[in-house]
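Below is one structure, written out as structure tokens, with a few remarks after it.
For ligands, and for the atoms within them, numbers begin at 1 and follow the listed sequence.
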Amino acid sequence: MDTLISKEAKTEATLIHAIKDRWSPRAFAAKPIGDEELQNMLEAARWAPSSMNEQPWRFIYAHKGEPAHQQIVDTLMSGNQTWAQHAPLLIVTIIKTTFDRNGAPNRSAQHDLGLAIGNLTIQGTADGLSFHHMGGVHFDQLAEAFAITDGYEPVTVIAAGYQGDPDTLTDELKSRELAPRKRLTVDEFAGHGKFIR
Ligand SMILES: Cc1cc2nc3c(=O)[nH]c(=O)nc-3n(C[C@H](O)[C@H](O)[C@H](O)COP(=O)(O)O)c2cc1C
């Protein structure tokens, strides 16, 4: 594909490009993700903050063509399977649900995984990659396929790769691919001294 689709955030704020430019495509090019880009994104996740520095995130990653990639695809809901099967890299994101130090439940685990995924996504975007996070997953099947048990839980699957040609998608997915990105305004979610419902 010659031209990348730009869905740059419409904002007057001086945001860094990786935040402005990031969006979630469903069409991925066949180009594999290089080792350097992969290591960069995992390293970015590594340096996220976490409650008690517990670092409760775990990842399973697999490149297209590897058996684990197909195993992950098999656990996606059908609406995600159709496009995510073509992603060059799939990442299962997992939390460790209790603290190492005392075995108590870690109520920040999902939060901290999200911070790590945020780092991973923004670093990867800066390196030219695109990501599509998915909650549409049969999590029991996924946990069973990779023996994610005893204090660990899968949370999402991420499709990663380089932007592909929207013409490879069904008409419905293509129109979603080209639709503008929508957001609440800042005033709709951030209250100065008051709670905005
Ligand atoms: C936790 C999470 C779960 C998501 N699950 C799905 C999913 O199962 N299928 C899908 O197509 N998109 C999924 N998305 C993508 C969102 O729909 C998308 O991020 C949102 O519409 C904003 O669009 P943008 O990322 O292009 O700005 C998910 C995103 C997140 C963060």
Side-chain angles (χ1 to χ4, degrees), residues 1 3-11 13 15-29 41 44-45 48 50 56-62 69 71-95 97 107-143 145 148 152-166 168-186 188-189:
M1 199 175 66
T3 329
L4 295 180
I5 299 170
S6 168
K7 295 221 218 176
E8 186 179 313
K10 292 188 181 16
T11 169
L15 303 183
I16 60 171
H17 279 289
I19 290 179
K20 268 185 153 171
D21 294 343
R22 186 214 59 80
W23 63 281
S24 306
R26 291 186 176 83
F28 288 97
M41 64 171 102
S50 62
W57 47 78
R58 300 290 185 273
F59 301 107
I60 301 168
Y61 60 87
H69 188 283
Q71 276 182 289
I72 299 168
V73 168
D74 290 344
T75 70
L76 300 178
M77 291 192 179
S78 58
N80 288 327
Q81 252 174 10
T82 52
W83 55 270
Q85 64 178 302
H86 303 295
L89 186 77
L90 292 174
I91 307 171
V92 179
T93 80
I94 299 159
I95 49 165
T97 58
R107 65 180 294 278
S108 301
Q110 295 225 11
H111 173 275
D112 296 349
L113 172 70
L115 288 172
I117 294 172
N119 272 14
L120 178 155
T121 302
I122 295 305
Q123 178 63 46
T125 304
D127 287 341
L129 293 163
S130 291
F131 299 85
H132 201 128
H133 307 88
M134 288 173 276
V137 179
H138 298 289
F139 287 108
D140 290 349
Q141 269 176 249
L142 182 61
I148 306 167
Y152 293 87
E153 284 173 14
V155 177
T156 56
V157 172
I158 308 174
Y162 296 92
Q163 247 189 64
D165 186 344
T168 59
L169 299 170
T170 59
D171 287 348
E172 201 246 317
L173 290 184
K174 184 179 168 185
S175 69
R176 287 163 78 177
E177 195 85 341
L178 302 176
R181 298 169 63 215
K182 287 190 194 147
R183 287 297 189 273
L184 300 175
T185 65
V186 169
E188 286 175 308
F189 67 81

Within reach of ligand 1, part of Trp83 (heavy-atom separation under 4.0 Å): side chain

Candidate pair Thr82 and Thr170, rule side-chain contact (heavy atoms from CB on, under 4.5 Å), full reasoning: CA-CA 9 Å; Thr82 52; Thr170 59; over 6 Å; no

Closest protein heavy atom to atom 28 (C) of ligand 1, given as residue, atom name and distance to 0.1 Å: His133 O, 3.0 Å

Interfacing atoms of ligand 1 (cut-off 4.0 Å, heavy-atom, Asn80): 7 (C), 8 (O), 9 (N), 10 (C), 11 (O)

Stepwise side-chain contact (heavy atoms from CB on, under 4.5 Å) check, Met134 with Ile158: CA-CA 6 Å; Met134 288 173 276; Ile158 308 174; over 6 Å; no

For atom 3 (C) of ligand 1, the protein heavy atom that lies nearest, with its residue and separation: Gly135 N, 3.3 Å

For Gly136, the ligand 1 atoms whose distance to one of its heavy atoms is below 4.0 Å: 8 (O)

Arg22 near ligand 1 by a heavy-atom separation under 4.0 Å: yes

Single hit among Val92, Asp74, Ile94 for side chain to side chain contact (heavy atoms under 4.5 Å, CB included) with Leu142: Val92

Parallel, tilted or perpendicular: ring planes of His132 versus Trp83, cut at 30 and 60 degrees: tilted

Residue portion contacting ligand 1 (non-hydrogen atoms closer than 4.0 Å) for Arg26: side chain

Identity and separation of the nearest protein heavy atom to atom 25 (O) of ligand 1: Ser24 OG, 2.5 Å

Within reach of ligand 1, part of Arg183 (heavy-atom separation under 4.0 Å): side chain

Val137 contact mode with ligand 1 (heavy-atom cut-off under 4.0 Å): neither

Asn119 side chain vs Ala44 backbone, donor-acceptor pair below 3.5 Å: yes

Sub-4.5 Å side-chain heavy-atom contact between Thr156 and Val137: no

Interfacing atoms of ligand 1 (cut-off 4.0 Å, heavy-atom, Trp23): 26 (O)

Arg181 and ligand 1 - part of the residue with a heavy-atom distance under 4.0 Å: side chain

Modelled atom types, side-chain donor and acceptor of Thr185 and Glu188, under 3.5 Å: yes

Residue, atom name and distance, where the atom is the protein heavy atom closest to atom 1 (C) of ligand 1: Thr156 CG2, 3.9 Å

Over 12 foreign heavy atoms within 6.0 Å of CD, Gln71: yes

Atom 20 (C) of ligand 1 touched by protein heavy atom at under 4.0 Å: no

Heavy atom of the protein closest to atom 16 (C) of ligand 1 (residue, atom name, distance): His132 NE2, 4.7 Å

Ser50-His111 side chain donor-acceptor pair, cut-off 3.5 Å: no

Pair Arg22-Phe131, side-chain contact (heavy atoms from CB on, under 4.5 Å): steps then yes or no: CA-CA 8 Å; Arg22 186 214 59 80; Phe131 299 85; 5.7 Å; no

